[in-house]
Amino acid sequence: MRAKTVSTTYRRIYRTVRRIPHGRVATYGQIARLAGFPNHARLVGYALHALRGADDLTVPWHRVINARGEISLNEFSGADLQRKLLRAEGIAFDRRHRINLNRFLWDK
DNA sequence: CAAGTGACTAGTG
DNA sequence: CCACTAGCCACTT
């Protein structure tokens with residue numbers, strides 16, 4: 001079992017992730033920046049990782065992807081689930097399982 | 001307490 | 001576009 005050490009830092013990240021609108025995605029770096037931790041993309045990944053298995057979707061973790069427009073989870077840890085959730089929101093994937101950030105990035 | 005790890009990224013070539 | 005790298009940092013061993 002993972003100890004749920006929810007620091008204020010994590011809460012700040014979760015709060016930011018909750019702001020991502022339905023049908024849009026954001027990158028780890030983007031969330032980090034908006035949460036007030038520029039250049040700490042990795043921290044966001046770590047925070048979301050600590051969320052796996054938790055009360056699903058109180059935080060829309062599936063809307064967070066990497067800067068290349070890909071899902072960072074590997075096929076063994078739920079990438080298909082994330083794809084399914086995103087598709088259900090109308091987000092399209094290309095042949096290589098990538099998302100067109102020009103179209104779906106939670107922008108501006 | 002040092003070293004390893006990871007849902008990252010921007011820069012180079 | 002791909003491969004490799006240095007920089008970042010909380011958490012685990």
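Side chains of A:Ile13 and A:Tyr46 form no contact here, defined as non-hydrogen atoms less than 4.5 Å apart. Counting only heavy atoms from C-beta outward, the side chains of A:Phe37 and A:Thr9 approach each other to under 4.5 Å.
A search for side chain to side chain donor-acceptor pair (under 3.5 Å) contacts involving A:Thr16 returns nothing, not counting sequence neighbours. Not counting sequence neighbours, the partners of A:Arg68 by the side chain to side chain donor-acceptor pair (under 3.5 Å) test are A:Glu70.
Within 4.0 Å (heavy atoms only), A:Arg33 reaches no atom of the nucleic acid at all.
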Sequence-aligned protein contact record of nucleotides 4-13 of chain B, with B where the base is within under 4.0 Å of a protein heavy atom and S where only the sugar-phosphate is | --BBBS----
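Taking the six-membered ring for Trp and thresholds of 30 and 60 degrees, A:Phe93 and A:His97 have ring planes more than 60 degrees apart, a perpendicular arrangement.
For the P atom pair drawn from C:dG7 and B:dA7, the interatomic distance equals 22 Å after rounding to whole Å.
Here the P atom of nucleotide C:dC1 and the CG atom of A:Asp94 are 10 Å apart, to the nearest Å.
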